[in-house]
Amino acid sequence: MDDVLEELFAVIEARKETLPEGSYTASLFTHEKGENAVLEKLGEETTELVLAAKDDDREEIAHEGADIVYHLLVLLAMKDMELSDLEAELEARR
Ligand SMILES: N=c1c2ncn([C@@H]3O[C@H](COP(=O)(O)OP(=O)(O)OP(=O)(O)O)[C@@H](O)[C@H]3O)c2ncn1[C@@H]1O[C@H](COP(=O)(O)O)[C@@H](O)[C@H]1O
């Protein structure tokens, strides 16, 4: 899990840096979409996750959960934060 998150975060940071054409991730870092689009997605996906949980739909829970994690990592990159900021917070709670 750690590796997947680290790799995904590295890809997101690279998209932020190079803004390649045709990349959804890159579009989130431009005026085309921006922070509001990320926050909107997080809101929508959280509602979808709640509905999936109510339906006991495990496949959908995993799908929506992954969408949320991805957009959360985009938000961290947008705020010039690191994955370690999230990890430090989780570690501190153990
Ligand atoms: N993990 C993701 C990921 N999760 C979700 N999404 C995109 O997030 C968008 C919104 O997800 P939704 O589930 O709401 O999908 P939807 O309802 O079809 O979306 P809309 O039509 O409303 O945009 C979709 O366009 C998805 O493609 C992602 N896009 C990219 N990644 C990762 O980012 C990497 C870089 O991808 P690029 O964005 O192509 O650079 C990829 O290799 C993946 O690892």
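Ligands are counted one by one from 1 in listed order, and the atoms in each one are counted from 1 as well.
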Looking at E44 and K41, does any basic side-chain N land under 4.0 Å from a carboxylate oxygen?
yes
Give yes if a backbone or side-chain nitrogen or oxygen of H63 is under 3.5 Å from a nitrogen or oxygen of ligand 1, and no if not.
no
With no hydrogens and no angle check, is any side-chain donor or acceptor of T47 less than 3.5 Å from a backbone partner on G43?
yes
For atom 13 (O) of ligand 1, is the nearest protein heavy atom closer than 4.0 Å?
yes
Nearest non-hydrogen atom to atom 36 (O) of ligand 1 belongs to which of V11, L19, T25?
T25
For atom 4 (N) of ligand 1, which protein heavy atom lies nearest, and how many Å away is it?
Y70 CD2, 3.4 Å
Do any heavy atoms of H71 fall under 4.0 Å from ligand 1?
yes
Atom 41 (C) of ligand 1: any protein heavy atom closer than 4.0 Å:
no
Per the side-chain contact (heavy atoms from CB on, under 4.5 Å) rule, which among T25, I12, I68 passes with L73?
I12
Check whether any protein heavy atom sits under 4.0 Å from atom 6 (N) of ligand 1.
yes
Is there a side-chain contact between E87 and E6 in this structure, where contact means two heavy atoms from C-beta onward sitting under 4.5 Å apart?
yes
Worked check of side-chain contact (heavy atoms from CB on, under 4.5 Å) between E82 and F9
CA-CA 9 Å; E82 298 294 333; F9 195 66; 3.9 Å; yes
At their closest point, which heavy atom of M78 faces which heavy atom of L28, and how far apart are they?
CE-O, 2.9 Å
Does the protein put any heavy atom within less than 4.0 Å of atom 20 (P) of ligand 1?
yes
